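Shown next, in structure tokens, is the structure this report addresses.
Indexing begins at 1, ligand by ligand and atom by atom, following the structure's order. This is a predicted model, so every value here is computed, not measured.
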Amino acid sequence: MIERVKKHFNEVENFTSSDIKKIEEFRLSYAGKKGILNDLFAAFKDVPSKQKKTFGKELNKLKQLVNKKVKDLKSKSKTFSSKIKINDTSRTAFPIRTGNRHPISIVKNKIIEIFSQIGFSISEGPEIEDDWHNFSALNLPLHHPARDMQDTFFIQTDPDVLLRTHTSSVQVRHMEKNQPPIRTISPGRVYRNEAISSRAHCIFHQVEGLYIAKDVSFADLKQTLKYFTEALFGNSEIRLRPSYFPFTEPSAEVDIYWGLETETDYRITKGTGWLEIMGCGMVDPNVLKNCEINSDEYSGFAFGMGIERIAMLLYQVSDIRLFFENDVRFLNQFKPTI
Ligand code: PHE
């Protein structure tokens, strides 16, 4: 009997294959229900009692050897077969690193999510605009001094073709095509001919919002902004300071209370604890008229914010240029958890 077990030892040791089917056949022939191991275990009772101990030991060793052999061969055959399956030589080598969302996209998506929960749709428009949509329709006629508030890039010296300086242009397009009630936000990239520094860039992103219906009041605007800041910053305290925009009357700038706990808080809030995050106001009736909306029947509010500014606050980034350099060491730090 011992001889029989020894013979199987040799057989197991010498077996080799990279064919997964053959390995499985081998496993079944030994470890299957009707396999050799079960046969040998069944024969155990006929072994003379003196030999039982050695026979049992050898049999267990054989069983372990079979298990190890099958495991080894299977793992080898797996790496082998996955290697030969790859025949795309241009494919990136292992390990493949997955990318991250850009922090600007993460913040943009979050803002969109917050406003879509209260019924705002998303509207988009072209980055190359004409004078009407970027300026004139927004109550900024030609030569209006307020045009200087937004230094403009013109294309090919044609004053009618320009890179949009804000996404308010998208709202004009939306109003031209839709009648109230209107509830829409327009996220997008905008351009201004400004000196590049740690706080300003010639390209940045905005989300602007527009709400037009019957009897919309300033209280509705304030309540909407309060809901938004609470959802994004977890902080409900806001204040509105009187301001000026040609397309809204009255206009305001929105500050959130940031706090004065750390030295950074002092620095970024200039010692006041308050931080400006956006501009807003009641849509000027002239703008509604320009878009063929009856300003006696309808009123509305609008607001606009820079995504970079919000991202800088949320992630404590001190230089706006980092968002455009696309250094992966910077980008890899952001996970969409806010
Ligand atoms: N369009 C303004 C800007 O780019 C922001 C704004 C939008 C202000 C809507 C008031 C109302 O600065």
**Request:** Find all atoms of ligand 1 within a distance of less than 4.0 Å from any non-hydrogen atom belonging to Gln206, and give their numbers and elements.
**Result:** 3 (C), 4 (O)
**Request:** Please identify which atoms of ligand 1 are closer than 4.0 Å to at least one heavy atom of Phe245.
**Result:** 8 (C), 10 (C)
**Prompt:** Think Lys69 forms a cation-pi with Phe15, using NZ or CZ under 6.0 Å from the six-ring centre and within 45 degrees of its axis?
**Reply:** no
**ligand 1 versus Arg192: contacting region, heavy-atom distance under 4.0 Å** = side chain
**Item:** Residue pair Glu24 / Lys74, side-chain heavy-atom distance below 4.5 Å
**Value:** yes
**Item:** Qualifying residue for side chain to side chain contact (heavy atoms under 4.5 Å, CB included) with Leu275, from Asp265, Leu313, Val254
**Value:** Leu313
**Request:** Enumerate the atoms of ligand 1 whose separation from the nearest heavy atom of Gly279 is less than 4.0 angstrom.
**Result:** 8 (C), 10 (C)
**Message:** Quick test of your reading of the model: are Lys76 and Asp72 salt-bridged, counting only N-O distances below 4.0 Å?
**Reply:** no
**Message:** I'd like to check whether His166 has a polar contact with ligand 1, where a contact means an N/O of the residue lying under 3.5 Å from an N/O of the ligand.
**Reply:** yes
**Message:** If the cut-off is 4.0 Å to any non-hydrogen atom of Ala302, which atoms of ligand 1 fall inside it?
**Reply:** 9 (C), 11 (C)
**Asked** Would Arg192 and Asp151 pass as an ion pair if we require N to O under 4.0 Å?
**Response** no
**Prompt:** Do any heavy atoms of Arg164 fall under 4.0 Å from ligand 1?
**Reply:** no
**Region of Ser251 engaging ligand 1 - heavy atom pairs below 4.0 Å** = neither
**Prompt:** Does Lys21 come within less than 4.0 Å of Asp19, counting only side-chain N to carboxylate O?
**Reply:** no
**Message:** Side chains of Ser116 and Ile122, heavy atoms from C-beta outward: is any pair under 4.5 Å?
**Reply:** no
**Prompt:** Is there a heavy atom in Met278 that sits closer than 4.0 Å to ligand 1?
**Reply:** no
**Prompt:** Below 4.0 angstrom, N of the basic side chain to O of the carboxylate: do Glu113 and Lys108 qualify?
**Reply:** no
**Proximal ligand 1 atoms for Phe303, defined as those under 4.0 Å from one of its heavy atoms** = 7 (C), 9 (C), 11 (C)
**Item:** Any Phe247 heavy atom less than 4.0 Å to ligand 1
**Value:** yes
**Message:** Only heavy atoms of Ser168, strictly under 4.0 Å: list the atoms of ligand 1 that pass.
**Reply:** 1 (N)
**Request:** Find the distance between CZ (Phe334) and CZ (Phe323) and round it off to the nearest 0.5 Å.
**Result:** 6.0 Å
**Asked** With atoms numbered from 1 as shown, which atoms in ligand 1 lie under 4.0 angstrom from a non-hydrogen atom of Gly304?
**Response** 6 (C), 7 (C), 9 (C)
**Request:** Identify, for atom 5 (C) of ligand 1, the protein heavy atom at the shortest distance, and state residue, atom and that distance.
**Result:** Glu208 OE2, 3.6 Å
